[in-house]
Structure formats: C-alpha cells, structure tokens
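Single-structure report; data block below.
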Amino acid sequence: MSLETLIKDMTRAGKEAARQLRKASRARKDEALRLMAQKLMEREKEILQENEKDLAQAREQGMSSAMLDRLTTGAALEVYPYGIAVNAVRAAQGAMESDALASARAIRQPVHDDQQVLQSADNLTYNKGMAVLGMFESWMGEDLFRQAVVDYLEANEWGSARAEDLWRSLSETSGVDVGAAMATFLDQSGVPLVTATDLGDGKVELRQERYLPADSDLDPHGRLWELPVSFRYHDGKQSRTHRILLTQERQVVDLPSKGELAWIHPNDGETGYYRWDVAPAMLRRMAESAPEILTPRERVALPDNAQALLGAGRMDGPTFLDIVSELAADPRPEVVDAALSHLGTVRMAFVTPDQEEAFAAFVRRTLEPARRRFGLEPVAGEAEAVALLRPDLVSWLGKYGHDPEVIAFAKEITRAYLDDRASVDPEVVSACLQIAALDGDWVLYNAYKKGFEEASVPAERQRFLAALGWFRQEVMVKAALRYSLTGDLRPQERFTIPMGLGAAGDRERALLWEWMTTNYEQIMDFIPPMFAVYMPYFAAGCSADRLEAARVFFDPEGEHFVAGQEKELAKVSEMTGHCIGLREREGEAVAAYLRDLAGL
C-alpha cells in the first residue's frame with residue numbers, strides 16, 4: 001500500500017469515526033474521549049518513536065519536511081477538500097507575517113549547532129516551504145507537478161537525493177527553470193508584494209517589490225523574485241485567469257479582453273506566496289461584493305492581506321475596519337473566523353482603556369450578522385465549520401464585545417458545567433468558563449482550581465487550567481500566576497495560565513512581565529534549556545517601556561542571556577516597533593471611527 005493510499009484510508013476512517021461520535025450521547029462521548037486519551041498516553045513513547053522513525057526514513061530518501069507536509073496535505077484534501085485548503089491558506093498567511101520581518105532568515109542556510117536547528121524548526125521552514133511548493137504546483141498544474149514528483153521519487157528510489165534533483169525533475173516536466181525560481185524563495189528572506197494596475201486597452205501592469213512595514217529602513221527594491229503569478233480578472237462579461245512568471249520589477253501583460261476591467265485579483269485562489277495590492281476603489285468593491293466574486297479561500301485570506309497593507313501604510317485604519325466588518329458578515333463560517341482573528345490586531349494596536357467601550361460597540365455591531373446566522377448553541381445537522389467558529393464567536397462577543405446576553409449565557413453554561421460535566425455541549429465550554437472568570441470571585445476561582453485538580457479527562461483538565469488565566473482582579477491574577485509555578489502541573493502546562501494573560505490588555509501583560517522577570521530562575525528550572533531563547537516574547541505587545549526593559553534584562557553581557565535569545569529579541573523588537581508605529585500613524589483616525597460608531 002502506498003503512503004498516499006494509507007493516508008487517504010486513515011483520514012476516511014477518522015472522518016467516519018468523528019461522524020459516529022457526533023451522534024453519540026454526551027456520556028458515550030466522554031467515555032470515548034477518556035478511552036482514547038488513556039490509550040494515547042499508554043503508547044505515547046511508542047507513537048513518538050515510530051513517528052520519528054518514519055520521518056527520518058523519509059528524509060533519508062531525500063524528502064524534505066515541507067515536501068512531506070505538502071504530500072500529506074494533498075492526500076487529506078481529497079477527503080476534507082475545503083477545510084484543509086482553508087488551513088493551508090491561514091498557514092501561508094502566518095508564514096508571510098513572520099517572513100516580512102527584517103530579522104527573518106532564509107529557509108536554506110547553514111546549520112552550525114543544535115540551537116540553530118531548534119530555531120530553524122519554525123513556520124518559515126514548514127509553512128513557507130509548503131506554501132511555496134503549493135504555489136508552484138498550482139502554477140504548473142496538479143497533474144504536471146505530481147508527475148514530476150513521481151519521476152523524482154522513482155529516479156532516486158532507495159538512494160539519496162538533493163533539492164536540485166527535485167527542481168530538475170520539475171523543470172523538465174514544466175519546461176520552466178524551476179530551480180532558479182525556487183532559489184529566490186529559499187535563499188533569501190522576505191515576501192514579494194505584487195501590485196496590479198489596469199492600464200486600459202487590455203493591458204495590466206504587474207510590479208513586484210519586497211513587502212515591508214511602513215517604518216522599515218530596508219529598500220523595497222533591493223531584491224527580486226522569479227514569481228509564478230496567477231491573477232484573475234473580470235472583463236465585464238466573465239471572469240478569466242492569466243498566468244505569468246514575473247521575473248522583472250515591472251512587466252505589462254496583454255489580455256485578450258480590451259475593455260475596462262471591473263476588478264483584478266492578483267492572487268487567484270490565494271495559492272501564491274506573495275502579498276498583493278490594487279487601486280483602493282477596486283479593493284473596496286471587491287470587499288463589498290466578496291461573496292459574489294471571490295472564492296472562499298480568497299475571502300479567508302483577504303483580511304490578512306488587508307492587514308498587511310495597513311501595516312505597510314498602503315491602507316488607512318478605518319478602511320481596514322470596514323473590510324473586516326464586511327467579511328465578518330460573510331455566509332461562510334471560515335471567512336468569519338478569519339475576520340475575527342484580525343480584530344485582535346485592532347485591539348492590540350489601537351484599543352486603550354478609554355476606548356474599550358467604543359471598541360465593544362464595534363465588536364457587537366460587526367459580529368451581529370454572524371451571531372444571528374450561526375447562534376450561540378449547536379443545531380442538529382449544522383456544518384462542522386460552524387461548530388469550529390462558535391467558540392471564537394462567543395469569546396469575542398463576551399470578552400471584548402461585553403455583550404450582556406452572551407455573558408449571561410456563558411455564566412449559565414458555567415454553572416451547569418460545574419454541577420454536571422455531561423450536562424452541556426463541550427463545544428463552547430472553554431469560552432464560557434473564561435468569560436465567566438472575567439468578573440469572577442474567589443468562589444469561582446477555587447471551583448476552577450478544584451475542577452482542574454480532580455479532572456481525569458485531559459480536555460477537562462485543560463479547560464479549567466486555561467480559565468484560571470482569565471480572572472482579572474489583580475490579586476487573583478497574581479494568585480493564578482503563582483499557581484502556575486507552585487501547583488501540581490505537568491511541564492507542558494506551566495505556561496497555560498500565562499498565555500491567557502498574554503491575550504489580555506496591557507495591564508495584564510505588564511503583570512505577566514513582572515512575574516516572568518521575578519521568577520526567571522524558577523521558570524528556567526521547569527523548561528528545557530533550549531526553549532530559553534523564546535523568553536523575550538514575554539515583552540511582546542505595543543509597549544516601548546516593556547521592550548526597553550527586555551533589552552536590559554536579556555542583555556548579552558547579563559546573567560539572563562543565553563545564546564540565540566538575541567535573534568528572538570530582534571523579532572520581538574521589530575513586531576513591537578511596528579505596533580507602536582501603526583498606533584502613531586492611525587490611532588487617532590481609528591479612535592474617531594470607533595467613537596462615531598458607538599455614538600460617543
């Protein structure tokens with residue numbers, strides 16, 4: 001049996017098991033989950049060892065991690081065609097966000113020590129690698145790409161191979177020098193930005209440059225890519241697609257249609273690893289009519305691309321908020337979830353304590369269509385994507401929308417769950433526990449703590465522990481942080497409570513920074529030494545003071561520094577600097593927008 005066939009069979013079996021489980025009673029679900037957790041924990045070591053053997057064998061035969069990810073995703077696509085495709089888009093968008101930093105590294109680089117290996121196992125290696133392979137696959141066509149991979153595997157069966165062998169096979173099959181084009185993505189960091197302009201008379205200008213945040217000191221024209229561009233346009237009669245290998249800074253494409261174009265989407269199907277831009281009026285038209293003219297994948301990626309344009313100074317804050325609002329009303333739950341994730345950008349960069357009321361009104365107004373369409377409780381026969389969206393929808397309405405009905409719903413679910421774990425659907429329990437904690441007292445805090453300590457089901461244990469990180473009275477915040485160090489927690493659970501605080505406001509993030517610096521040595525005793533390089537992320541956010549404190553605390557000449565921290569601190573410094581710059585550029589306009597919307 002081939003690897004692809006095996007993966008397909010396993011995925012189908014998993015989907016059927018999930019379907020049967022959804023029909024089961026709560027008691028049977030709990031029992032099934034308990035047995036699954038028990039079996040997995042019993043065989044955890046064996047599973048990890050066998051998984052590592054399989055990966056090692058695949059790599060020995062010349063297959064990279066990115067290629068493994070790409071092939072397994074391709075097999076799963078035949079069973080979960082839409083969900084997997086959306087996840088792939090979200091993963092690529094996340095990789096581009098990291099890759100846009102000046103401190104980002106190239107995928108292909110020499111490795112000199114173990115620490116560099118760990119820091120290389122990031123979303124650039126995996127998600128950028130998979131996205132770039134997927135881009136070339138889409139541009140070449142699935143059949144040609146698959147044939148080239150099969151030829152490569154057969155030519156190197158039971159032997160060793162290099163990346164150049166795969167590129168050669170792809171080049172021979174496609175007739176394009178894929179190796180040279182791939183090198184522009186593997187050997188240099190950064191994300192291309194493609195700007196499409198309708199010149200009229202059937203001509204479209206494509207320009208490429210390096211995508212950079214507005215306050216970057218780098219030269220956007222300092223490097224070029226050999227970029228497989230597939231763009232879609234509407235000529236007034238129908239939607240058409242055009243493909244080109246963009247190798248120059250500026251190229252003009254002649255289209256068969258000679259009239260004015262209604263719109264241009266420079267990244268057809270969002271299969272390309274690049275940001276894109278069009279004229280502001282055209283972009284607004286596309287956002288307003290997104291369900292009619294854009295595919296679900298394109299709509300999922302649209303708020304992330306808009307956020308990138310906002311960060312680059314190519315879009316103003318109110319326009320970004322309008323686009324997010326349009327997409328939050330989309331009929332597809334996956335698109336709504338993508339829009340929700342970008343409300344966090346607005347909150348981090350723009351929402352200060354005096355603006356929380358206006359922002360809450362914006363959240364309620366923005367999410368009202370989704371709330372009406374999908375509801376707060378599950379409905380028999382609803383799509384799985386709706387079930388995946390609902391916890392996020394409830395969280396945002398309760399935590400940041402201050403919606404009284406949702407808060408009351410969350411407290412009711414919490415009371416029922418504390419009385420009887422099987423009495424409520426587990427889908428939204430975590431969100432409800434966290435919402436109820438926001439104004440919770442010591443009675444509720446201790447009930448969560450007891451629930452965590454007595455839980456036998458891992459999912460139940462995780463729900464209670466995570467909820468302990470959402471109490472907001474300062475004395476309770478400090479108690480929860482103290483418990484994360486002194487409680488009977490597993491090593492992987494030590495940061496669960498701090499993660500809840502990291503998602504809160506700047507006051508809580510300041511308390512979190514204070515906790516980390518005060519208890520640094522004790523924290524280091526709980527984590528593997530190799531993970532100490534990531535401690536600078538406790539300074540992440542939009543605070544110049546906290547960033548400066550981090551530079552002092554992690555000074556290379558100081559007692560807290562470990563090799564590799566300087567790279568992560570550089571990333572934190574960039575992200576914080578970009579957040580501060582965005583607030584300075586667009587803060588007043590966004591504040592006025594929110595006040596007007598709330599009638600304040």
Side-chain angles (χ1 to χ4, degrees), residues 325 328-329 333 336-337 339-341 343-344 346-348 351-379 386-421 423-449 451 462-477 480 497 499-508 594 597-600:
S325 295
V336 177
D337 212 15
L340 273 178
S341 68
L343 289 176
V346 178
R347 183 171 165 271
M348 171 74 76
V351 180
T352 53
D354 61 320
Q355 294 165 349
E356 287 184 358
E357 183 180 348
F359 180 65
F362 169 74
V363 170
R364 293 193 299 272
R365 177 179 178 272
T366 297
L367 299 184
E368 182 58 28
R371 177 183 172 176
R372 288 198 307 268
R373 180 176 287 116
F374 303 120
L376 300 180
E377 297 186 85
V379 177
V386 176
L388 292 172
L389 165 67
R390 187 171 288 109
D392 291 340
L393 184 61
V394 170
S395 286
W396 269 97
L397 284 168
K399 294 174 182 176
Y400 311 117
H402 305 165
D403 187 299
E405 183 180 338
V406 173
I407 293 172
F409 167 77
K411 291 182 176 181
E412 180 182 349
I413 293 293
T414 296
R415 284 191 294 269
Y417 187 69
L418 289 173
D419 289 339
D420 180 3
R421 305 289 191 267
S423 65
V424 297
D425 194 291
E427 178 184 291
V428 296
V429 168
S430 292
C432 291
L433 290 173
Q434 293 169 17
I435 292 169
L438 290 172
D439 63 353
D441 56 17
W442 283 110
V443 173
L444 189 63
Y445 178 94
N446 289 324
Y448 286 5
K449 185 168 173 284
Q462 174 64 20
R463 287 185 193 118
F464 281 119
L465 183 62
L468 285 173
W470 284 89
F471 288 86
R472 288 297 174 257
Q473 292 184 45
E474 185 170 328
V475 64
M476 300 173 80
V477 170
I497 289 173
M499 284 176 63
L501 287 171
D506 202 61
R507 181 182 71 91
E508 287 77 18
L594 294 176
L597 183 69
L600 299 176

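What you are looking at is a predicted structure, and each value in this text was computed from that prediction instead of being measured.
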Any side-chain heavy atom of Arg472 sitting closer than 4.5 Å to one from Asp439? no

What's the shortest heavy-atom distance between Ala467 and Gln434, and which atoms? CA-CG, 4.0 Å

N-O pairing of Arg372 and Glu368 below 4.0 Å: yes

In Å, rounded to the nearest 0.5 Å, how long is the span from CG of Leu465 to CG of Leu433? 11.5 Å

For Ala503 against Arg347, the heavy-atom pair lying closest together: O-NH1, 3.2 Å

Within the side chain of Ser423, is there an N or O that forms a donor-acceptor pair under 3.5 Å with the backbone of Ala416? yes

Is it true that atom CZ of Arg507 has more than 12 heavy atoms of other residues, nucleotides or ligands lying nearer than 6.0 Å? yes

From CD1 (Ile497) to CE (Met499), nearest 0.5 Å: 12.0 Å

Go through Phe471 and Leu438 one step at a time and tell me if the side chain to side chain contact (heavy atoms under 4.5 Å, CB included) criterion holds. CA-CA 5 Å; Phe471 288 86; Leu438 290 172; over 6 Å; no

Both conditions, 6.0 Å and 45 degrees, for the charged tip of Arg415 above the ring of Tyr417: are they met here? no

For Arg390 and Glu427, indicate whether the former's side chain and the latter's backbone hold a donor-acceptor pair under 3.5 Å. no

Gap between atom CG of Leu393 and atom CG of Leu376 - 0.5 Å precision: 7.0 Å

Should the pair Lys449 and Trp442 be classed as cation-pi, given the thresholds of under 6.0 Å to the six-membered ring centre and 45° from the axis? no

Is the backbone N or O of Leu444 less than 3.5 Å from a side-chain atom of Asp441, with the two atoms forming a donor-acceptor pair by type? yes

Please name the pair of heavy atoms, one in Ala431 and one in Ser395, separated by the smallest distance, quoted to 0.1 Å. CB-OG, 3.3 Å

Indicate yes or no: at least one non-hydrogen side-chain atom of Val363 is less than 4.5 angstrom from one of Asp403. no

Roughly how far, to the nearest 0.5 Å, is the CD1 atom of Ile413 from the CG atom of Leu418? 11.5 Å

For residues Glu412 and Ile407, determine if any side-chain heavy atom of one lies less than 4.5 Å from a side-chain heavy atom of the other. no

Will you find, in the side chains of Arg463 and Tyr448, an N or O donor that is under 3.5 Å from an N or O acceptor? no

Does Glu405 have any salt bridge (charged side-chain N to carboxylate O under 4.0 Å, His left out) partners at least two apart in sequence or in another chain, and if so, which? Arg371

To the nearest 0.5 Å, what is the distance between CG (Leu468) and CZ (Phe464)? 9.0 Å

In terms of heavy-atom contacts, Val336 and Ala328 come closest through CG2-O, 3.5 Å

Tell me if the centroids of the rings in Tyr400 and Phe362 come within less than 6.0 Å of each other. no

With side chain to side chain contact (heavy atoms under 4.5 Å, CB included) as the criterion, how do Phe409 and Ile435 come out once you've worked through the C-alpha distance, each side chain's angles and the decisive distance to 0.1 Å? CA-CA 10 Å; Phe409 167 77; Ile435 292 169; over 6 Å; no

Are Val424 and Glu377 close enough, and set up right, to give a side chain to side chain contact (heavy atoms under 4.5 Å, CB included), and what steps lead you there? CA-CA 10 Å; Val424 297; Glu377 297 186 85; over 6 Å; no

In short, Ala436 meets Lys411 closest at the heavy-atom pair CB-CG, 4.2 Å

Point-to-point distance, once rounded to the nearest 0.5 Å, from CE of Met348 to CG of Leu343: 13.5 Å

Minimum heavy-atom distance between Ala360 and His402, given as atom pair plus value: CB-ND1, 3.7 Å

I would like to know whether Phe359 and Glu357 meet side chain to side chain contact (heavy atoms under 4.5 Å, CB included); could you show each step before the answer? CA-CA 5 Å; Phe359 180 65; Glu357 183 180 348; over 6 Å; no

